[in-house]
Asks: 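First the structure, then my questions, so here it is.
Every chain is numbered from 1 and lettered A, B, ... according to where its sequence line falls, protein lines coming before strand lines.
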Amino acid sequence: MSSLLTGLNEAQFAAVTLPPRPALILAGAGSGKTRVLTTRIAWLIQSGQVTPQGILAVTFTNKAAREMLARVTAMLPLDPRGLWIGTFHGLCNRLLRTHFRDAGLPQLFQILDSGDQLAAIKRLLKMLNVGDDKFPARDVQYFINSQKEAGLRSSAVEAIDEYSRQRVALYAEYEVQCQREGVVDFAELLLRTYELLERNEPLRHHYQARFRHILVDEFQDTNRLQYQWLKCLAGGGDRGAALFCVGDDDQSIYAFRGANVGNMRAFEREFRVETIIRLEQNYRSDGNILQAANAIIRHNRQRLGKNLWTDQADGEPIRIFEAFSDGDEGRWLVEELQSLVGEGFSRQDVAVLYRSNAQSRVLEHQLFSAGIPYRVYGGLRFFERQEIKHALAYLRLLVNPDDDTAFLRVVNFPPRGIGARTIETLQDAARHSGTSLVRAVAAVAGKGGSNLSQFLALLEGLRRQASGLALPDLIARVVSGAGLAMHYQNEREGQERLENLDELVSAAANFAAEAAGRHLGESGQPDLHAELVEFLSHAALEAGDHQADAGADAVQLMTVHAAKGLEFGIVFLTGLEEGLFPHDNSLNGEDGLEEERRLMYVAVTRARRRLYLSLAQSRMLHGQTRYNLRSRFITEVPPQLCKWLTPPRVGARVAEPAFSRYFEPSAASRAVSRPAPTTSVAGRDLGGLRVGQNVSHGRFGVGVIVAAEGSGSDARVQVNFGKQGVKWLALGVAKLEPV
DNA sequence: TTAGCTGGAGTTTTT
DNA sequence: CTCCAGCTAA
């Protein structure tokens with residue numbers, strides 16, 4: 001037992017061994033949060049306080065759940081099946097599968113991912129003849145999900161005006177459609193489970209009695225419904241479960257998708273949390289990086305309060321590079337990377353971060369031209385690929401013919417002469433008889449619906465062929481039987497899709513191997529239907545890797561959001577410009593800015609040894625060049641921690657060669673040849689000013705010159721003062737100081 | 001039915 | 001600029 005606890009620092013030890021009472025752990029970045037969670041689970045079990053069955057551990061991502069399970073099982077020899085460790089959605093799925101009847105769901109209900117959900121909503125809007133101009137499908141989707149995440153059914157939503165009344169009506173129709181088709185979306189998994197437990201007292205008591213310890217990871221990211229769900233499962237009073245919530249309010253960066261940091265304060269209040277433990281010792285970053293992070297986050301008002309420290313040395317200064325243009329920034333990045341690799345750093349340990357995905361294009365272009373291997377996170381995931389979704393749709397129809405989303409997806413794929421006309425007729429018939437599309441085929445079969453009949457025959461044939469096959473074989477049979485394989489063979493770019501379909505079969509084989517024995521029917525034979533349904537749920541709940549070639553020794557490119565939870569020896573944080581980071585669209589009020597700042601904090605704390613901050617004075621965005629101010633977040637880093645690779649304050653004169661701006665070029669920077677900015681107004685006498693330069697004005701504050709005209713005493717410049725607006729100023733009149 | 005065009009929009013994202 | 005959705009023409 002003591003071996004479990006050795007090596008923990010004081011705060012970690014205290015957290016791990018807390019008595020079974022509601023507890024809030026404020027775990028700073030790199031403070032050993034996962035270690036505390038996993039060690040506590042192991043300690044609770046090993047010290048005999050609880051059996052594995054009595055533990056429920058909840059995470060947000062499958063990755064986090066997998067890691068937690070792996071680390072717990074590494075500490076204790078136990079059967080992982082007894083432990084309930086999973087994502088909110090995964091656990092809800094498990095509960096709903098078990099209690100489908102009480103939850104009012106068909107046994108083989110299927111899960112809509114967000115793409116499926118959007119398709120279902122579009123179909124609904126079309127059916128109801130609702131104009132897309134007034135009710136864009138995306139908005140309706142967002143509306144429905146927000147209501148569900150607030151715990152509200154359509155019947156409970158208050159409509160204040162005609163418009164909201166109509167939206168609520170759409171929500172109601174959507175509920176009916178999903179119920180008829182036997183499908184649930186992501187938010188529904190949560191809401192349905194919550195309602196199930198709320199309404200079914202014996203069931204609720206059963207689980208409350210079972211789960212004596214509930215541990216929650218990334219608690220700051222929970223939404224209102226998830227918190228309600230946790231409260232319900234934990235039960236109240238002295239007999240309630242020990243709810244152990246770990247989170248970091250400073251790393252709350254998902255408010256835009258419903259995360260409610262307020263849950264931390266609410267938890268503290270509602271559960272009368274007596275001790276809040278702060279994990280403040282950071283084991284990841286060198287001192288300077290940590291100090292920079294602390295200095296930045298101190299500017300936020302709404303904090304529970306926490307200050308990271310380390311006993312490691314200060315390390316290197318924060319390096320800052322101010323480029324002329326986005327292209328310039330990219331060239332510098334390439335040079336710096338090349339010299340780092342030359343010095344023996346591993347590419348895998350270097351991350352290039354940016355605020356928005358659009359920024360990766362320029363960087364990728366430069367990296368590609370320079371032949372530097374890189375990997376971009378984000379983009380299509382395995383189970384989201386077109387060919388995979390098609391194959392899954394056939395599988396879904398085998399399980400549930402009433403799944404209209406799946407039906408529409410493949411009724412004419414591969415093309416079999418079933419056009420929009422036919423489908424419209426079919427949908428009309430289905431609506432009139434109040435049935436699914438499949439069941440309506442008979443009604444239209446006479447009127448040119450013979451292709452439809454053939455499609456039904458195809459499905460029937462697949463169902464026959466599939467019976468008795470093991471899961472991977474079944475999928476292979478469906479892929480070829482449905483004509484997908486043939487179709488992609490004939491397509492020019494179909495090779496990769498074929499490979500992915502093969503990959504789907506292997507994924508199923510792996511899945512079946514792991515699930516072996518879990519699906520024994522009454523005869524003791526594997527129940528393929530159940531196995532297939534579970535595989536389909538798995539596909540919806542875990543969309544798979546973003547990219548396949550994960551192992552390559554490549555520089556890692558990703559958004560700051562995607563970097564949360566990761567760490568790298570060296571981090572390049574690019575595009576630190578007002579408007580980009582903090583992003584314009586986030587600057588609605590104090591809350592928005594504070595979330596941006598937390599994002600900055602997350603970015604900075606990803607770095608272990610070395611952190612670069614970079615920005616560009618001009619940047620091509622949406623087809624035009626923009627001149628942005630230096631990000632306020634750079635200014636929030638104490639200057640004594642920084643080493644500017646470019647002069648921090650003095651702007652270059654027009655006539656001077658651009659590279660004279662370097663007073664301390666690094667090895668890499670020296671090699672860069674620097675073209676003059678394309679926006680230069682060379683030849684024009686602007687009194688030492690130039691486009692792209694930061695200037696300050698007595699009344700408007702700091703701004704950046706975005707254009708110029710005239711010369712000499714007539715010279716005028718256009719300056720972007722950010723919030724103060726964009727102004728034209730005559731140089732003969734206005735006093736502009738270079739900044 | 002599909003290719004090709006046009007117009008509009010353009011943070012962040014897991015399940 | 002570049003991607004996408006939705007529409008029109010063949």
Side-chain angles (χ1 to χ4, degrees), chain A residues 58-65 86-93 111-119 122 126 131-133 136-138 142 145 148-149 184-191 193 217-218 221-223 225-226 252-259 326-327 353-362 365 377-381 383-384 411-423 451 491 537-544 546 558-565 575 579-588 592 595-596 598-600 602-603 619-626:
Chain A
V58 198
T59 65
F60 274 86
T61 65
N62 293 297
K63 196 177 156 207
T87 63
F88 278 101
H89 295 83
L91 295 167
C92 285
N93 180 45
I111 301 169
L112 301 183
D113 67 21
S114 23
D116 297 332
Q117 186 192 28
L118 186 63
K122 280 184 178 164
K126 208 165 191 180
D132 199 59
D133 43 336
R138 277 195 184 285
Y142 176 80
N145 289 338
K148 288 191 180 183
E149 281 163 14
V184 299
D185 58 48
F186 287 138
E188 185 70 27
L189 285 171
L190 262 299
L191 183 53
T193 311
D217 189 20
E218 305 278 18
D221 287 339
T222 50
N223 63 32
L225 178 56
Q226 285 159 339
S252 160
I253 56 173
Y254 285 113
F256 70 91
R257 68 176 196 213
D326 45 358
L353 308 184
Y354 34 81
R355 171 67 235 269
S356 62
N357 286 304
Q359 288 164 249
S360 77
R361 182 179 304 278
V362 183
H365 176 74
Y377 282 65
L380 263 199
R381 304 168 67 176
F383 284 108
E384 290 167 355
V411 65
N412 196 37
F413 193 93
R416 48 177 73 90
I418 300 173
R421 201 60 260 227
T422 314
I423 290 170
N451 286 339
E491 208 179 49
S537 304
H538 166 80
L541 290 174
E542 189 163 2
H546 274 300
M558 67 191 84
T559 63
V560 179
H561 282 93
K564 190 181 166 203
L580 256 181
F581 197 3
H583 198 282
D584 271 335
N585 296 2
S586 304
L587 294 183
N588 33 16
E595 176 141 326
E596 290 291 296
R598 291 193 291 270
L599 200 48
M600 178 71 184
V602 166
R619 182 178 295 277
M620 189 70 125
L621 203 65
H622 307 331
Q624 45 188 339
T625 308
R626 288 186 20 165

Asks: Please work out whether the ring planes of A:His561 and A:Phe256 are parallel, tilted or perpendicular, with thresholds of 30° and 60°.
Replies: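 The arrangement is perpendicular - the two ring planes meet at more than 60°.
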Asks: Does A:Thr61 contact B:dT14 through a side-chain donor or acceptor facing the base, at a distance under 3.5 Å?
Replies: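 Not at all, since no donor on one side and acceptor on the other fall under 3.5 Å apart.
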Asks: In whole angstroms, how far is the P atom of B:dT13 from the CG atom of A:Asp113?
Replies: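 Rounded to the whole Å, the gap is 17 Å.
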Asks: Heavy atoms only, 4.0 Å cut-off, all strands: where does A:Phe256 land among base, sugar-phosphate and nothing?
Replies: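 The residue A:Phe256 makes base contact.
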Asks: So that I can tick it off, tell me whether A:Glu596 and A:Arg355 are bridged by a salt bridge, with the cut-off set at under 4.0 angstrom between side-chain N and carboxylate O.
Replies: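 The answer is yes: the pair qualifies as a salt bridge.
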Asks: Ignoring the backbone of A:Arg361, work out which of C:dT2, B:dT15, B:dT13 is nearest its side chain.
Replies: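 Shortest atom-to-atom distance from the side chain points to C:dT2.
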Asks: Figure out the CG/P separation between A:Asp185 and B:dT14, and round it to whole Å.
Replies: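 Atom CG in A:Asp185 sits about 18 Å away from atom P in B:dT14.
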Asks: Roughly how many Å is it from CZ in A:Arg619 to P in C:dC1, rounded to a whole number?
Replies: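 Between P of C:dC1 and CZ of A:Arg619: 17 Å.
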Asks: So, do A:Asn223 and A:Gln226 sit near enough that their side-chain heavy atoms are less than 4.5 Å apart?
Replies: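 A:Asn223 vs A:Gln226: side chains touch.
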Asks: Please determine, for the side chain of A:His622, which listed nucleotide (B:dG10, C:dG6, B:dT12) has the closest atom?
Replies: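 The answer is B:dG10.
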Asks: With a non-hydrogen cut-off below 4.0 angstrom, is A:Thr87 in contact with a base, only sugar-phosphate, or nothing?
Replies: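 Sugar-phosphate only.
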Asks: Using a strict threshold of under 4.0 Å (side-chain N to carboxylate O), is an ion pair present between A:Asp113 and A:Arg381?
Replies: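 Judged by the 4.0 Å cut-off on N to carboxylate O distance, A:Arg381 and A:Asp113 do not form a salt bridge.
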Asks: From CD of A:Gln226 over to P of B:dT14, roughly how many Å is that when rounded to an integer?
Replies: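 Spelled out: CD on A:Gln226 to P on B:dT14 is 14 Å.
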Asks: Let's see if you can work this out: which of B:dT15, B:dT2, B:dT13 has an atom nearest to the side-chain heavy atoms of A:Pro415?
Replies: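 Nearest nucleotide to the side chain: B:dT2.
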Asks: Can you check the distance between B:dT11 and C:dG6, where both ends of the measurement are the C1' atom (answer in whole Å)?
Replies: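 The answer is 25 Å between these two C1' atoms.
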Asks: Whole angstrom is fine here: how far is it from CZ in A:Arg598 over to P in B:dT13?
Replies: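 From A:Arg598 CZ to B:dT13 P: 17 Å.
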Asks: Tell me what A:Asp584 touches on the nucleic acid: a base, only sugar-phosphate, or nothing, going by heavy atoms under 4.0 Å.
Replies: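 Nothing: the residue A:Asp584, judged by heavy atoms under 4.0 Å, touches no strand.
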Asks: Once you round it to whole Å, what is the distance between P of B:dT12 and CG of A:Leu580?
Replies: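 After rounding, the reported distance stands at 11 Å.
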Asks: Nearest whole angstrom, please: distance from the P of B:dG10 to the NE2 of A:His583.
Replies: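 Taking atom P of B:dG10 as the reference, NE2 of A:His583 is at 10 Å.
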Asks: Given B:dT12, B:dT1, B:dT15, which nucleotide is nearest the side-chain atoms of A:Asn412?
Replies: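 Of all the options, the side chain of A:Asn412 is nearest to B:dT1.
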Asks: May I ask you to check whether A:Ser356 and A:Gln359 show a side-chain donor-acceptor distance below 3.5 Å?
Replies: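 Side-chain D/A pair, A:Ser356 to A:Gln359: present.
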Asks: Using whole Å, report how far CE of A:Met620 lies from C1' of C:dC1.
Replies: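 Result: 7 Å.
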Asks: Reckon A:Phe88 touches a base, only the sugar-phosphate, or nothing at all at heavy-atom distances under 4.0 Å?
Replies: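 Nothing: the residue A:Phe88, judged by heavy atoms under 4.0 Å, touches no strand.
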Asks: Check this one for me: any side-chain N or O of A:Asn357 less than 4.0 Å away from OP1 or OP2 of B:dT12?
Replies: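 Indeed, a polar side-chain atom of A:Asn357 lies that close.
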Asks: What's the gap between B:dT14 and C:dC3 when it is taken at their C1' atoms, as a whole Å value?
Replies: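 Comparing C1' positions in B:dT14 and C:dC3 gives a spacing of 23 Å.
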Asks: Does A:Arg381 put a side-chain nitrogen or oxygen below 4.0 Å from OP1 or OP2 of B:dT13?
Replies: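 Result: no.
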Asks: Please work out if A:Ala543 contacts a base, only the sugar-phosphate, or nothing of the nucleic acid, heavy-atom cut-off 4.0 Å.
Replies: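 Touches nothing.
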Asks: Select base, sugar-phosphate, or nothing to describe what A:Ile418 touches, counting heavy atoms under 4.0 Å on all strands.
Replies: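 The residue A:Ile418 makes sugar-phosphate contact but no base contact.
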